[in-house]
Participant: 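Structure in structure tokens, see below.
The chain is numbered in sequence order, starting from 1.
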Amino acid sequence: MKLLKIALILMLVSSTSCQSQNKKDTISLNYNAQTRGFHLAIRLENNLLEVSKNNETHQLELTDIQLNEIVEMVKKIDFEDIKGNVSIDDLAVDKAIKGDFELNFNGKIFAFEFDHNNAPENIKELLNKLQSFDVSEE
């Protein structure tokens with residue numbers, strides 16, 4: 001009977017500790033936009049953010065609140081609906097800035113090429129939010 005009580009207590013403790021562990025979202029984002037007179041690179045690896053704009057680079061560690069904000073924005077994006085929109089003709093005359101976007105979110109990889117100045121609205125909002133964290137830290 002004593003052994004049964006101990007086993008029961010151990011089962012309860014282990015099940016509650018497993019339930020209390022939050023499954024953390026994993027996120028990795030790489031964005032590059034470049035032409036002859038402009039360069040923007042944004043790298044996010046979980047909570048570490050690096051923003052490089054025209055050879056000026058800033059690195060910072062996002063708070064849990066900031067990271068959760070980014071994760072919620074990513075969850076709202078319908079990646080099935082996003083289409084690349086970069087024109088080779090526009091790139092040839094520097095009329096467009098090619099943006100390479102790659103996101104690894106919880107093991108799913110999404111990659112797109114688009115005109116940086118004409119990015120899909122939800123991607124533009126995400127990139128602007130990441131850049132705003134960089135500015136707020138200066």
Side-chain angles (χ1 to χ4, degrees):
M1 186 67 172
K2 193 175 192 180
L3 186 58
L4 182 61
K5 286 181 183 178
I6 292 173
L8 184 61
I9 290 171
L10 286 175
M11 284 177 39
L12 286 172
V13 168
S14 67
S15 71
T16 56
S17 68
C18 289
Q19 289 173 353
S20 68
Q21 292 177 351
N22 287 339
K23 182 181 173 258
K24 283 209 130 201
D25 292 304
T26 58
I27 189 168
S28 170
L29 181 143
N30 286 308
Y31 180 72
N32 254 327
Q34 185 171 354
T35 189
R36 283 183 268 219
F38 174 81
H39 179 253
L40 172 66
I42 300 174
R43 307 224 186 296
L44 175 66
E45 186 70 37
N46 291 317
N47 67 329
L48 299 175
L49 175 66
E50 179 178 290
V51 177
S52 178
K53 190 168 185 179
N54 296 329
N55 297 324
E56 190 173 316
T57 302
H58 300 275
Q59 296 176 335
L60 61 126
E61 189 172 333
L62 297 181
T63 66
D64 287 342
I65 292 170
Q66 291 170 322
L67 186 58
N68 287 336
E69 201 173 336
I70 294 303
V71 166
E72 289 306 311
M73 289 180 84
V74 168
K75 286 180 179 178
K76 291 179 183 175
I77 298 173
D78 183 5
F79 290 102
E80 301 298 320
D81 226 15
I82 295 177
K83 306 280 187 263
N85 66 1
V86 75
S87 162
I88 300 297
D89 293 335
D90 288 347
L91 290 174
V93 294
D94 283 344
K95 185 177 176 183
I97 301 171
K98 180 182 171 190
D100 291 312
F101 178 89
E102 184 177 304
L103 174 74
N104 184 336
F105 184 64
N106 291 333
K108 292 183 182 177
I109 298 174
F110 306 96
F112 304 97
E113 290 181 348
F114 46 79
D115 179 348
H116 171 74
N117 293 319
N118 192 21
E121 196 58 38
N122 42 21
I123 299 291
K124 190 183 301 185
E125 289 173 9
L126 176 64
L127 296 173
N128 287 340
K129 178 57 88 173
L130 289 167
Q131 289 180 81
S132 76
F133 292 144
D134 177 56
V135 169
S136 67
E137 295 297 316
E138 288 185 48

Participant: How far apart are the closest heavy atoms of N47 and L44, and which atoms are they?
Facilitator: C-CD1, 4.3 Å
Participant: Run the side chain to side chain contact (heavy atoms under 4.5 Å, CB included) test on L130 and V51 for me, step by step, so that the C-alpha distance in whole Å, both residues' side-chain angles and the decisive distance to 0.1 Å come before the verdict.
Facilitator: CA-CA 8 Å; L130 289 167; V51 177; 5.5 Å; no
Participant: For a 4.5 angstrom cut-off between non-hydrogen side-chain atoms, does I42 reach Q131?
Facilitator: yes
Participant: Are the side chains of V71 and F105 in contact, using a 4.5 Å heavy-atom criterion?
Facilitator: yes
Participant: I'd like to know if F38 and F101 are part of one continuous hydrophobic network [Ile/Leu/Val/Met/Phe/Trp/Tyr, side-chain heavy atoms within less than 4.5 Å].
Facilitator: yes
Participant: Taking all non-hydrogen atoms of both residues, which atom of N54 and which atom of G37 are closest, and how far apart?
Facilitator: OD1-O, 4.0 Å
Participant: Mind checking whether N32 and R43 have side chains closer than 4.5 Å, heavy atoms only?
Facilitator: yes
Participant: Can you establish whether the number of heavy atoms outside K53 located under 6.0 Å from its atom NZ is more than 12?
Facilitator: no
Participant: T57 versus E50: any side-chain heavy-atom pair under 4.5 Å?
Facilitator: yes
Participant: Please give me the minimum heavy-atom distance between G107 and T26, naming the atom from each residue.
Facilitator: N-OG1, 4.3 Å
Participant: Can you see whether N106 engages D25 through a side-chain donor-acceptor pair at a distance of less than 3.5 angstrom?
Facilitator: yes
Participant: Which is it for D78 and N122 under the side chain to side chain contact (heavy atoms under 4.5 Å, CB included) test, yes or no, and what are the steps along the way?
Facilitator: CA-CA 9 Å; D78 183 5; N122 42 21; 5.7 Å; no
Participant: Can you see which heavy atom on A33 is nearest to which on H116, and at what distance?
Facilitator: CB-ND1, 3.7 Å
Participant: Any side-chain heavy-atom pair from F79 and V74 closer than 4.5 angstrom?
Facilitator: yes
Participant: Rounded to the nearest 0.5 Å, what separation is found between the CD1 atom of I97 and the CD atom of Q34?
Facilitator: 10.0 Å
Participant: Can you tell me if E102 and N30 form a side-chain donor-acceptor pair at under 3.5 Å?
Facilitator: no
Participant: Before you tell me yes or no, could you show the steps for I70 and F133 under side chain to side chain contact (heavy atoms under 4.5 Å, CB included), namely the whole-Å CA-CA distance, both residues' side-chain angles and the distance that decides it to 0.1 Å?
Facilitator: CA-CA 11 Å; I70 294 303; F133 292 144; 3.6 Å; yes
Participant: How long is the gap from CD on E69 to NZ on K129, to the nearest 0.5 Å?
Facilitator: 4.0 Å
Participant: Look at the side chain of D100 and the backbone N and O of Y31, then say whether any donor-acceptor pair between them is shorter than 3.5 Å.
Facilitator: no
Participant: Between CG of N128 and CG of L126, what distance do you get to the nearest 0.5 Å?
Facilitator: 9.0 Å
Participant: Atom OG of S132 and atom CD of E125: how far apart are they, to the nearest 0.5 Å?
Facilitator: 11.5 Å
Participant: Taking C-beta and beyond as the side chain, do L48 and N46 meet within less than 4.5 Å on heavy atoms?
Facilitator: no
